[in-house]
Participant: 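Got a structure for you, questions after.
Residue numbers count from 1 along this sequence. Because the structure is predicted, anything quoted here is derived from the model rather than measured.
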Amino acid sequence: MHASSCDIAIIGGGIIGASCALALSETGQHVILIEPQDLASGASKGNAGALAFADILPLASPRILRKAIHWLFDPLGPLSLPPAYLPRIAPWLLHLWRSSLPDRYPANIRAQAALMALSQSEMQAQLERTGLSHHLHSQGVLEVYEGAPRYQASLATAQWRERYGIETRLLQGADLAAQQPGLAARFTHGVLIPEWRNVADPQALGQALGEQAIERGVQLLRQSVRWLRPAADGVQLILEDGSQLQARQVVLAAGARSHQLARGLGDRIPLETERGYNTTLAPDALDLRQQVTFSDHGFVISPLTCGIRVGGAVELAGLNRAPDYRRAQTMLDKAKTFFPELDTSGGTQWMGFRPSLPDSLPIIARSPRHPAAIYAFGHGHLGLTQSAATARLVRDLAMHQPPAIDLHPYRVNRFSLFGARS
């Protein structure tokens with residue numbers, strides 16, 4: 001049996017939900033965390049482990065749109081879209097295009113940079129407060145480029161980073177080889193971002209945060225939420241077994257399925273799914289000194305305690321299409337070319353759903369229709385990176401305190417409702 005009411009119900013036990021549960025456990029409220037699977041077992045399990053505080057440029061950018069024409073309909077390219085899914089995703093793509101225009105693109109970067117600055121400070125504080133700092137690694141990230149023209153094309157990104165105080169260092173020749181031995185000679189330029197951080201195992205961190213929340217009094221409910229509906233004093237949750245839970249406030253952090261539940265409260269949100277793929281190899285598959293990013297190929301290779309992980313790319317194909325693991329194999333084959341000494345045997349393939357909004361910013365806000373609901377989803381591939389900041393902002397909202405940063409850019413109704421689909 002479980003409680004029939006609570007102060008705050010959190011839907012979703014990924015890294016966002018677990019972090020929110022931990023933050024709210026300190027408020028004295030009766031908090032229930034609702035998750036049918038193991039904590040951090042969805043998108044939080046299979047990511048690259050990056051705390052990508054320097055990743056301030058949105059997917060919706062003039063640069064990406066120029067490349068997208070060549071990528072979109074290549075099923076094995078860095079950004080793919082199955083033609084049959086195009087009618088479904090067309091409104092989202094329209095919002096994506098609109099977000100890339102000059103009247104919005106710089107504002108989206110400012111909003112992302114503000115959230116990243118808070119993310120960096122809140123993550124450090126969270127790990128120190130919980131005694132989990134041993135999960136953090138500080139090798140930075142190395143972005144590599146094939147030839148001077150490719151590197152020159154990346155300078156616009158570097159200029160945006162410099163504008164927001166993010167340090168980068170150019171490496172060439174012997175310096176690049178010393179930073180990452182074994183890299184193929186075709187990569188002539190590298191950019192080191194020292195303040196980029198990684199965690200040893202993203203699932204282990206998510207589970208540790210959730211376990212600490214439970215130790216501090218948060219109740220874990222192993223259930224799925226079928227529907228939400230407004231109630232006189234909060235929100236009513238209809239659970240998969242037919243039972244009901246009354247919550248004075250609800251935090252919706254259900255990742256790629258969040259928009260489906262938001263419909264029960266009358267909010268139609270253009271959330272789509274960036275399907276990401278990876279292969280995790282043995283920990284000794286390569287002498288990898290730090291995460292290496294192949295920006296022009298849309299994937300990374302990361303050293304984790306659970307293994308060397310090769311993954312990334314974006315497939316816009318929704319929640320129901322069967323995985324196309326050729327995408328994981330394509331990245332692995334490229335990684336072998338880029339690192340000839342990489343041992344690609346015995347790898348484990350994975351596919352996960354990243355919840356993505358057209359402007360690459362999450363929604364962190366109360367529902368405009370039913371303020372008892374707080375939304376915390378749509379982080380795309382930055383859920384781990386922005387988890388601690390999101391938890392801080394959700395706690396501010398739940399406790400009716402001034403938020404740590406201006407939340408206007410992350411509001412629910414920033415997109416036109418015309419064409420938004422759930």
Side-chain angles (χ1 to χ4, degrees), residues 10-25 31 33-53 55 115-116 118-130 132-137 196-214 216 218 220 251-258 271 273-274 276 278 280 291 302 304-306 309 311-312 350-357 360-364 374-395 410:
I10 303 170
I11 305 173
I15 188 66
I16 299 294
S19 297
C20 290
L22 182 61
L24 291 169
S25 72
V31 180
L33 176 61
I34 306 172
E35 170 56 54
Q37 308 297 327
D38 291 338
L39 295 177
S41 62
S44 301
K45 174 182 178 179
N47 70 62
L51 298 176
F53 304 127
D55 197 358
L115 187 56
M116 288 299 193
L118 182 65
S119 297
Q120 189 165 5
S121 61
E122 287 296 320
M123 178 62 76
Q124 187 68 40
Q126 180 193 69
L127 295 179
E128 291 177 356
R129 188 169 64 250
T130 56
L132 297 175
S133 295
H134 60 279
H135 285 268
L136 185 64
H137 290 187
W196 191 290
R197 299 290 183 262
N198 285 72
V199 300
D201 184 330
Q203 184 180 27
L205 176 60
Q207 291 178 338
L209 293 170
E211 288 164 1
Q212 286 214 11
I214 294 167
R216 299 180 187 199
V218 171
L220 178 62
V251 177
L252 181 51
R257 294 174 174 81
S258 297
L271 185 75
T273 303
E274 294 181 33
N278 67 47
T280 303
Q291 179 176 307
S302 300
L304 305 174
T305 54
C306 57
R309 182 163 289 166
W350 176 90
M351 188 275 283
F353 303 110
R354 310 181 191 115
S356 180
L357 288 158
S360 299
L361 299 174
I363 288 177
I364 307 173
I374 299 171
Y375 295 156
F377 58 83
H379 297 78
H381 61 279
L382 297 171
L384 171 63
T385 301
Q386 298 175 341
S387 57
T390 300
R392 162 68 188 276
L393 295 168
V394 165
R395 184 181 65 187
Y410 322 103

Participant: Go through it in stages, so that I can follow the logic: the residues are Leu136 and Met123, the test is side chain to side chain contact (heavy atoms under 4.5 Å, CB included), and I'd like the CA-CA distance, side-chain angles, deciding distance and then a yes or no.
Facilitator: CA-CA 10 Å; Leu136 185 64; Met123 178 62 76; 5.6 Å; no
Participant: Can you list the residues that meet the salt bridge (charged side-chain N to carboxylate O under 4.0 Å, His left out) rule with Arg309, with sequence neighbours excluded?
Facilitator: none
Participant: Do Gln386 and Ile364 make a side-chain contact, defined as non-hydrogen atoms from C-beta onward lying under 4.5 Å apart?
Facilitator: no
Participant: What residues, two or more places apart in sequence or in another chain, satisfy side chain to side chain donor-acceptor pair (under 3.5 Å) together with Thr390?
Facilitator: His379
Participant: Between Ser44 and Pro202, what is the shortest heavy-atom contact and its length?
Facilitator: O-CB, 3.6 Å
Participant: Can you name the closest pair of heavy atoms from Ala391 and Ala23 and give their distance?
Facilitator: O-CB, 3.8 Å
Participant: Of all heavy-atom pairs between Leu357 and Ile363, which one has the smallest distance, and what is that distance?
Facilitator: CD1-CG1, 3.6 Å
Participant: If the condition is side-chain contact (heavy atoms from CB on, under 4.5 Å), which residues does Ala254 pass it with, not counting sequence neighbours?
Facilitator: Ile11, Leu252, Ser258, Leu261
Participant: Quick one: list whatever passes side-chain contact (heavy atoms from CB on, under 4.5 Å) with Ala213, sequence neighbours left out.
Facilitator: Ala21, Leu22, Val218
Participant: Does the side chain of Thr385 reach to within under 4.5 Å of the side chain of Met116, using non-hydrogen atoms?
Facilitator: yes
Participant: Test Gln203 against Ser41 for side chain to side chain contact (heavy atoms under 4.5 Å, CB included), laying out the working first.
Facilitator: CA-CA 7 Å; Gln203 184 180 27; Ser41 62; 4.1 Å; yes
Participant: What pair of heavy atoms forms the shortest contact from Leu382 to Ala52, and how long is it?
Facilitator: CD2-CB, 4.1 Å
Participant: Find out whether Leu115 and Leu361 are in side-chain contact, i.e. whether some heavy atom of one side chain is under 4.5 Å from a heavy atom of the other.
Facilitator: no
Participant: What residues, two or more places apart in sequence or in another chain, satisfy side-chain contact (heavy atoms from CB on, under 4.5 Å) together with His135?
Facilitator: Leu132, Ala204, Leu205, Ala208
Participant: I'd like to check the side chain to side chain donor-acceptor pair (under 3.5 Å) partners of Ser360; sequence neighbours left out, ordered by chain and number.
Facilitator: none
Participant: Going by heavy atoms in the side chains, are Ile10 and Val394 under 4.5 Å from each other?
Facilitator: no
Participant: Taking Asn278 for the side chain and Ala48 for the main chain, is one N or O donor matched with an acceptor at less than 3.5 Å?
Facilitator: no
Participant: Check whether any side-chain N or O of Thr305 sits under 3.5 Å from a backbone N or O of Ala200 as a donor-acceptor pair, and report yes or no.
Facilitator: yes
Participant: If you look at every heavy atom in Phe353 and Pro355, which pair is closest and at what distance?
Facilitator: O-CD, 3.7 Å
Participant: What residues form a salt bridge (charged side-chain N to carboxylate O under 4.0 Å, His left out) with Arg392, not counting sequence neighbours?
Facilitator: Glu122, Asp396
Participant: Tell me every residue that passes side chain to side chain donor-acceptor pair (under 3.5 Å) with Glu128, counting only those two or more places apart in sequence or in another chain.
Facilitator: Gln124
Participant: For Glu211, give me all partners under side-chain contact (heavy atoms from CB on, under 4.5 Å), at least two apart in sequence or on another chain.
Facilitator: Gln207
Participant: What's the spacing between Ile214 CD1 and Leu220 CG if we round to 0.5 Å?
Facilitator: 4.5 Å
Participant: Taking only residues two or more places apart in sequence or in another chain, which ones pass side chain to side chain donor-acceptor pair (under 3.5 Å) with Gln212?
Facilitator: Arg216
Participant: Taking the side chain as everything from C-beta on, heavy atoms only, tell me whether Ser356 gets closer than 4.5 Å to His381.
Facilitator: no
Participant: Check ring-ring contact (aromatic ring centres under 6.0 Å, His included) between Phe53 and all other residues, then give those that pass, not counting sequence neighbours.
Facilitator: none
Participant: Please find the pair of heavy atoms, one from Asn47 and one from Leu304, that lie closest to each other, and give the distance.
Facilitator: O-CD1, 4.2 Å
